[in-house]
S.K.: 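I have a structure here, written as structure tokens, and I will follow up with some questions on it.
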Amino acid sequence: MTIGIVGAGITGLALAHHLEKADMEYVVIEADSEPGGVIRSGRVDGCLLEWGPQRLRRTDPVDELITDLGMDDEVIEAGETKLFVYADGKLRRAPFSIEEFGQTDLLSWRGKLDVLKEPQTEPADSNETAAELFTRKFGDEAYRNLIGPLFGGIYGSEPERMPVKHALSGVMLMEQKYGDLLTPVLKRAMSGGTSAPAISFDEGVQRLPEALCDAHSKRVHLGTAVTEIRNSSGGYVLETESTLESDSRSESWTVEVDEVVLTTTAEVSADLLEPLTESANVLTRLNYNPLALVHLRADCDREGFGYQVRHDEGLDTLGVSWNASMFDRDGVYTVFLGGMKNPELVEENNETLGKIARSEFNDVMNADADVLSVSRLDRGFPAYDTSWDALEEFETPDDIHLATNYTARMGVPSRIREAKGLATVLAESIGVRK
Ligand SMILES: Cc1cc2nc3c(=O)[nH]c(=O)nc-3n(C[C@H](O)[C@H](O)[C@H](O)COP(=O)(O)OP(=O)(O)OC[C@H]3O[C@@H](n4cnc5c(N)ncnc54)[C@H](O)[C@@H]3O)c2cc1C
């Protein structure tokens, strides 16, 4: 049985890796000339920049890949999680331990008491918004000063527009398991345990998909777009076309597969599935948050991962990643603009975006900065807003699977975990068919 994987981002490549480990046949087809999808790392003026994820957590599935690929020597680890929120005109440290919770100036004593009362609140309702849930459970102040900026920052989004059922399904499961949300947080804090360490690689996060691609290069076709998926006897035919201008093989070629895994954005998946299911077009309704990334170079001595900006601070900046401090990256800071809060801003020209990023960085960090790069992502983060209701109308054709950041969580560790889980399901399904 052969699995056709569309896309060599981290999901497609991690899936390939685990299928290989399970001795399964597969082929990966990637439109771009390089692997990684939204994970992009590279140098500008000698500085290492990230145009996608700035870091990832070394969870067990990530660790397994690093070990399998022999990449331990390339891993660089950030220190303890130290994140700030810009609130009331000042950078204030977000608490990640009981001691920090006691000390934080993001919450008054009354605000801290409200947080501790969470176990007495009603359970999450899947139809309330993330903002309503956090406010109801942890109080106004904790939502406004802490959880709103940190949670919204992860997705470049506004929790007021994200229903719990789409944005916080994991949190609901956690609540069902422990009876409330505070208990697991306290348990982790008391055991001194923090999340898995934040890591990158000497040459950036893209090294991980590159190493996966190298390890499985015989079955990964870069510079090749899947243009059509057709039914064939008992399986599917993938029509492909070279996307490389210099490629003499500009004619299309086809490959027969038994099952197909799509790791592409909702719009591409809708297009490819249109001949196979009438419901394909519902995928085009899913919203993404457009983003602009401005990379700055500055001379600062702040230690930590970076900051998120409280929504009512009057800044366009959503947050800033301190690559310089996290991974010793030559004075590099990455400013995120746009998102669900201000999508139109992403359409401004590079000069305007650079100016905004520099000037707000100067206001917050009190440091001059040079602009190294300005870039945009039309389909930056999945919005997980009410447009996700459309998925209820989607019917997946037989033997086609969606493994993507719009059907499950978007973080790199979640993408790898989902890919591994799907490889297990596919391997088991062979056993059943035999
Ligand atoms: C700016 C940004 C910052 C982020 N920060 C973090 C972070 O700090 N930590 C974290 O854990 N996660 C972060 N994420 C999330 C994470 O990086 C992504 O969710 C994840 O990398 C998505 O991987 P994927 O393989 O599912 O999809 P993609 O990376 O989108 O891969 C899909 C692939 O399909 C290919 N493709 C498209 N059409 C076709 C076609 N017709 N034929 C063949 N191939 C096709 C594309 O070229 C692409 O390579 C961030 C994401 C972004 C955008």
Side-chain angles (χ1 to χ4, degrees), residues 4-16 27-41 49-59 61-62 78 83 153-156 195-196 198-200 205-206 208-209 212-213 220-229 238-243 252 255 260-273 288-295 305-306 318-319 321 323 326 334-339 346 375-382 384 402-419 422:
I5 304 171
V6 187
I10 194 64
T11 309
L13 289 167
L15 175 61
V27 55
V28 183
I29 301 175
E30 166 56 52
D32 211 288
S33 56
E34 8 176 338
V38 298
I39 304 179
R40 285 277 178 264
S41 317
L49 309 187
E50 300 284 5
W51 287 279
Q54 310 294 307
R55 58 178 182 265
L56 65 149
R57 293 270 168 198
R58 191 172 182 161
T59 56
V62 174
L83 266 171
I154 298 174
Y155 300 109
S195 349
I199 59 158
S200 182
V205 179
Q206 200 181 352
L208 185 59
L212 282 165
C213 187
V220 181
H221 300 264
L222 299 176
T224 309
V226 174
T227 51
E228 195 187 336
I229 304 175
L238 306 183
E239 287 281 350
T240 73
E241 203 170 83
S242 170
T243 57
S252 58
V255 54
V260 178
V261 180
L262 292 173
T263 69
T264 43
T265 54
E267 210 170 24
V268 174
S269 301
D271 196 35
L272 291 174
L273 294 177
Y288 287 72
N289 297 325
L291 288 172
L293 271 68
V294 181
H295 291 92
F305 285 20
L318 301 171
S321 192
N323 312 68
M326 245 187 325
T334 310
V335 180
F336 287 77
L337 300 168
V346 176
S375 59
R376 292 167 189 73
L377 281 160
D378 290 348
R379 306 203 146 243
F381 295 139
Y384 302 121
L402 293 180
T404 78
N405 59 10
Y406 53 87
T407 54
R409 301 268 61 84
M410 72 165 205
V412 173
S414 304
R415 307 304 325 119
I416 295 172
R417 191 178 61 229
E418 191 191 6
L422 180 55

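Every number for a ligand or one of its atoms is a count from 1 in the order of the listing.
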S.K.: List in chain and number order the residues that pass salt bridge (Lys or Arg N to Asp or Glu O under 4.0 Å) with D32, two or more places apart in sequence or in another chain; answer none if no residue qualifies.
M.R.: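 Residues passing salt bridge (Lys or Arg N to Asp or Glu O under 4.0 Å) with D32: R40.
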S.K.: Find all atoms of ligand 1 within a distance of less than 4.0 Å from any non-hydrogen atom belonging to G37, and give their numbers and elements.
M.R.: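 Listed by number with element: 29 (O), 31 (O), 48 (C), 49 (O).
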S.K.: Looking at atom 31 (O) of ligand 1, what's its closest protein heavy atom, distance included?
M.R.: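 For atom 31 (O) of ligand 1, the nearest protein heavy atom comes out as G9 CA, 3.6 Å.
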S.K.: What part of T227, side chain, backbone, both or neither, has a heavy atom within less than 4.0 angstrom of ligand 1?
M.R.: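 For T227, there is no contact with ligand 1 at all, from either part.
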S.K.: Taking all atoms of both residues into account, what is the closest heavy-atom pair of V205 and E50, and its distance?
M.R.: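 Shortest heavy-atom contact: N-OE2, 2.9 Å.
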S.K.: In the protein, which heavy atom is nearest to atom 30 (O) of ligand 1, and how far is it?
M.R.: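 Here the closest protein heavy atom is V38 CG1, 4.0 Å.
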S.K.: Show which atoms of ligand 1 fall inside a sub-4.0 Å distance from at least one heavy-atom site of A225.
M.R.: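 Matching atoms, with element in brackets: 42 (N).
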S.K.: Give the residue, atom name and distance (to 0.1 Å) of the protein heavy atom nearest atom 32 (C) of ligand 1.
M.R.: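 Protein heavy atom at minimum distance: T263 O, 3.4 Å.
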S.K.: Which option out of T59, L56, T264 puts a heavy atom nearest to atom 45 (C) of ligand 1?
M.R.: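 When every heavy atom of T59, L56, T264 is considered, T264 comes closest to atom 45 (C) of ligand 1.
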S.K.: Which heavy-atom pair separates V6 from T264 by the least distance, and what is that distance?
M.R.: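 That would be CG1-CG2, 3.9 Å.
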S.K.: Only heavy atoms of L377, strictly under 4.0 Å: list the atoms of ligand 1 that pass.
M.R.: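 Ligand 1 atoms under the 4.0 Å threshold to L377: 1 (C), 53 (C).
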S.K.: Using a strict cut-off of 4.0 Å, indicate which atoms of ligand 1 neighbour a heavy atom of R55.
M.R.: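 It comes down to these atoms of ligand 1: 7 (C), 8 (O), 9 (N), 10 (C).
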S.K.: Just jot down the ligand 1 atoms closer than 4.0 angstrom to any heavy atom of I39, in number order.
M.R.: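 So the atoms of ligand 1 that pass are 21 (O).
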S.K.: N/O of W51 under 3.5 Å from N/O of ligand 1, yes or no?
M.R.: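 No, W51 has no N/O under 3.5 Å of an N/O on ligand 1.
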S.K.: Counting only heavy atoms, tell me which of V412, V6, T11, I10 gets closest to atom 26 (O) of ligand 1.
M.R.: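 Among V412, V6, T11, I10, the closest heavy atom to atom 26 (O) of ligand 1 comes from T11.
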S.K.: Of all residues at least two apart in sequence or in a different chain, which pass the ring-ring contact (aromatic ring centres under 6.0 Å, His included) check with Y384?
M.R.: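 With sequence neighbours excluded, Y384 shows a ring-ring contact (aromatic ring centres under 6.0 Å, His included) to Y155, W388, given in chain and number order.
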S.K.: Which of these, P53, G36, G223, G411, has its nearest heavy atom closest to atom 6 (C) of ligand 1?
M.R.: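 Shortest heavy-atom distance from atom 6 (C) of ligand 1: P53.
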S.K.: Quick one: look up the protein heavy atom nearest atom 42 (N) of ligand 1 and list residue, atom name and how far away it is.
M.R.: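 For this ligand atom, the closest protein heavy atom is V226 N, 2.9 Å.
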S.K.: Considering non-hydrogen atoms of the protein only, which is the closest contact for atom 44 (N) of ligand 1, and what is the distance?
M.R.: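 Of the protein heavy atoms, A31 N, 3.1 Å lies nearest.
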S.K.: Say you draw a straight line from CZ of R417 to CG of L422; how long is it, rounded to the nearest 0.5 Å?
M.R.: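 Reported to 0.5 Å precision, the distance equals 13.5 Å.
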S.K.: Counting each atom of ligand 1 from 1 as listed, which ones have a heavy atom of G7 under 4.0 Å away?
M.R.: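 Result: 33 (C), 34 (O), 35 (C), 44 (N).
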S.K.: Taking the side chain as everything from C-beta on, heavy atoms only, tell me whether R57 gets closer than 4.5 Å to V62.
M.R.: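 The answer is no; the side chains never approach within 4.5 Å.
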S.K.: Working note: L208 + I39, criterion side-chain contact (heavy atoms from CB on, under 4.5 Å); need CA distance, chi angles, decisive distance, verdict.
M.R.: CA-CA 9 Å; L208 185 59; I39 304 179; over 6 Å; no
S.K.: Looking only at the side chains, is there a donor atom on one of Q54 and T334 sitting less than 3.5 Å from an acceptor on the other?
M.R.: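 The criterion, which ignores hydrogens and geometry beyond distance, is satisfied for T334 and Q54.
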S.K.: Write out the residue and atom name of the closest protein heavy atom to atom 51 (C) of ligand 1, then the distance separating them to 0.1 Å.
M.R.: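 Going by distance alone, atom 51 (C) of ligand 1 is nearest to F381 CE2, 3.5 Å.
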S.K.: Looking at G380, which atoms of ligand 1 are within less than 4.0 Å of one of its heavy atoms?
M.R.: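 Result: 53 (C).
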S.K.: Considering the heavy atoms of Q54, write down every atom of ligand 1 situated less than 4.0 Å from one of them.
M.R.: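 Those qualifying, in numeric order: 8 (O).
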S.K.: Given that the side chain starts at C-beta and the backbone is N, CA, C, O, which of these parts of M410 lies under 4.0 Å from ligand 1, counting heavy atoms, or is it both or neither?
M.R.: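 Both backbone and side chain of M410 come within 4.0 Å of ligand 1.
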S.K.: Testing the basics here: between N289 and G156, what is the closest heavy-atom pair and its distance to 0.1 Å?
M.R.: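 For N289 and G156, the tightest heavy-atom pair comes out as ND2-O, 3.3 Å.
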S.K.: Using distance alone, decide if ligand 1 has a nitrogen or oxygen within less than 3.5 Å of any nitrogen or oxygen in V268.
M.R.: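 Not met; the criterion fails.
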S.K.: Among protein heavy atoms, which sits nearest to atom 46 (C) of ligand 1, and what does the distance come to when rounded to 0.1 Å?
M.R.: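 Here the closest protein heavy atom is E30 OE2, 3.5 Å.
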